[in-house]
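Letters A, B, ... mirror the listed sequences (proteins, then strands); counts begin at 1.
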Number of protein chains: 2
Amino acid sequence: MKGIRQLAKHLDISIGTVSRALNDKPDVNEETRKRVLAAAEELGYVANQSGRSLRQGTTNVIGLMIESSKETVENSDNFFLGLTGGLQSVLARHKLDLVMLPCPSDEDPYEYLKRMVARRVVDAMIISATQRIDRRIDLLVKAKIPFVALGRSSSGGNYTWIDLDFEGVAASAVDRLVAKGHRRIAIAAPSSDINLGYVFVDAYQQSLERHGIPYDPKLVIRVKSSEQGGYQAGHELLLLDNKPTAIILIYELMAIGLYRRLVEAGVVPGRDLAVIGFREEPRAKFLQPALTCFRMSLRDLGVELAETLLATMPAFAKFYPKGARNTIWPLELVPGESDAFFLNP
Amino acid sequence: MKGIRQLAKHLDISIGTVSRALNDKPDVNEETRKRVLAAAEELGYVANQSGRSLRQGTTNVIGLMIESSKETVENSDNFFLGLTGGLQSVLARHKLDLVMLPCPSDEDPYEYLKRMVARRVVDAMIISATQRIDRRIDLLVKAKIPFVALGRSSSGGNYTWIDLDFEGVAASAVDRLVAKGHRRIAIAAPSSDINLGYVFVDAYQQSLERHGIPYDPKLVIRVKSSEQGGYQAGHELLLLDNKPTAIILIYELMAIGLYRRLVEAGVVPGRDLAVIGFREEPRAKFLQPALTCFRMSLRDLGVELAETLLATMPAFAKFYPKGARNTIWPLELVPGESDAFFLNP
DNA sequence: CTGAAAGCGCTTACAG
DNA sequence: CTGAAAGCGCTTACAG
């Protein structure tokens, strides 16, 4: 089976009718439609996507751009794979397919995205790991490609995004620690220019202020968002003159490295130092003592991302009356033992 | 900037010349080529992929199919993301792009692949997690789509694959344990129909035989390929009447769950029970005592996969004289402490 | 309800 | 070296 032409010839009808039957258009004789569908199934005919795309001006493919830097590969969990389930469950309603576009680590993400967008391989894009200044957003806005960003940014003006509730996490963590008597609370923040670092540190600062605790820049420890970064954070923390009694982590895998460094130094998390981790993570689950952290559903986030994205696409907006919007995605506290103790005054 | 037509008009030359200049064809005036490239860069013109694909009959896209079952999402590490670096470094030589195609968990992988193949969204495919009987392979062979499978299978006859050296791992693990005095060696094997399970158990059996150790089916513990599976394996091992003194794991994350169950039972890995894990994994690195396991480079495997795939593609075979082939990918033993003790006779 | 035809944006023989 | 034209495989007004 080659193309629609052969299928039409085989059925002895025109290609127009075959196309209409296959695409569920009205005004096709039911009998004819059945014959066409049966023959297509039998001969394994499926319309060539390039032909469709060219004619329709739409690819019916949604791209999820992922950055596969060495750091991401070694340290990220399956964050993106976790999103795909929710994304696909929504996209499937509209017969849209999801493809993941891994940006090569030696290619500039901006150039990569530009190329993908210009070639029109997808109808819309999901980007993530937004930077404080992120030219990708300006690019997408300017190219008028529907998109949603997982993460806020200073770039792009009024674009559509969903972001995790870093403010809520920071406030909740600080409140919890202060309630247990902590006043010197450190934070491990990313050394990169990723936007969430700014948001998190700001929120941390404001939370301290609410409790009348002076902000000490020495307690903001800048490290890589990785297990190694967590180890490094532990290391630097131990070198501080006026040691903090608690630390809040901004990235899930940091906890593993941090615990490791603390154990080496004979410091017991949850007894000598209070630790609050970020996102609950299968890999960090077995840490002893159990890590206090925050829970969210990647699947639900995927659903929200997809529905928000579709709301920005002219062809689907009507199904999503909530419209393109900006959403702060909540996380739920999961109390553990890593911050259970009360500080003696 | 819309299409090649506008670009040509802007330059006041024909679209044919524009196309030839952009595609590095010979017989284009150097001056003209420069003008075209400059104008394309300036106006941000990149050829529409659908138009190219339709005309050329090739998409210049390679698909990497990944299955995103709940189990994979929660437990697999970034195995696939780890491959992309190596894959892309080879594909970039030929201006081929890599897309990851995540099969929705509620869709049959066979149907998903069939749809992707029929729509001609990719020129060639990489599949993985091959089953003992895997209809996807028959499908790809029949459809004459170039492909390479990461994993052997009984299906498909003489197809192109790369697979890990499970035989070598099993032999090396058994030899090592026997040398330390072990005679009752258990193995945690996958409960699914994935082909590597068969290969691994067979190799384990043969290795025992070489040492004249009788095969005891009770020592083959079938569990899920996950951290939880490892926990379960530990649990079942502890219930055995005639307990093994050693266990070989077939999946990297099992070690974490196994350790957890052993610790609960007061059984110390590396003292009371010898443990040999499978692939070295960042997440399992911090296990105490350090896990004896096997190392491989995902990046190098990605390179090998890409080069093998290209050898199966008529347009690129000439660059890869080694041709389409079947490769057993070696792993290197990384000695740890988890099996360091000698068994008292 | 169906068919004939146009045209989506490209690349590529072919002619000059 | 360049231009004019055909045609890749579809979908979709348009005519009947």
Is it true that a side-chain atom of B:Asp123 and a backbone atom of B:Thr59 form a donor plus acceptor pair closer than 3.5 Å?
->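 Pair found, side chain donor or acceptor close to backbone of B:Thr59.
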Backbone N/O of A:Arg152 and side chain of A:Asn195: donor-acceptor pair under 3.5 Å =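 Looks like yes, one N/O pair under 3.5 Å.
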Selection from D:dG3, D:dG9, C:dT11 that lies nearest to any side-chain heavy atom of B:Ile13 =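 For the B:Ile13 side chain, the nearest candidate turns out to be D:dG3.
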Sorted by number, the residues of residues 21-32 of chain B with heavy-atom contact under 4.0 Å to DNA chain C =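 Contacting residues: B:Asn23, B:Lys25.
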Give, ordered by number, those residues of residues 113-123 of chain B having at least one heavy-atom distance below 4.0 Å to an atom of DNA chain C; if nothing qualifies, reply none.
->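 The answer is none.
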Could you check whether A:Ile15 gets within reach of a base, just the sugar-phosphate, or nothing at all, counting any heavy atom under 4.0 Å?
->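 Base contact.
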Quick one: is C:dG3 close enough that its OP1 or OP2 comes under 4.0 Å of any side-chain N or O from A:Thr17?
->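 For C:dG3, OP1/OP2 do have a side-chain N/O of A:Thr17 under 4.0 Å.
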May I ask you to verify if any side-chain N or O of B:Gln56 is less than 4.0 angstrom from the OP1 or OP2 atom of C:dC10?
->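 False: B:Gln56 side-chain N/O out of range (4.0 Å or more) of C:dC10 OP1/OP2.
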Listed by chain and number, what are the ring-ring contact (aromatic ring centres under 6.0 Å, His included) partners of A:Tyr320, not counting sequence neighbours?
->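 Partners of A:Tyr320 under the ring-ring contact (aromatic ring centres under 6.0 Å, His included) test: A:His94.
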List for me each residue that meets ring-ring contact (aromatic ring centres under 6.0 Å, His included) alongside B:Tyr110, sequence neighbours excluded, and say none if there are none.
->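 Not a single residue meets the ring-ring contact (aromatic ring centres under 6.0 Å, His included) criterion with B:Tyr110.
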Identify all pairs in which a protein N or O lies below 3.5 Å from an N or O of nucleotides 13-16 of chain D, and state each distance.
{"unit_1": "D:dA13", "atom_1": "N6", "unit_2": "A:Arg20", "atom_2": "NH1", "d": "3.1"}

Which stems, defined as runs of 3 or more consecutive Watson-Crick or G-U wobble pairs with both pairing distances under 3.5 Å, involve DNA chain D?
->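 Stems (3+ consecutive pairs) listed as C:1-3 with D:14-16, C:5-12 with D:5-12, C:14-16 with D:1-3.
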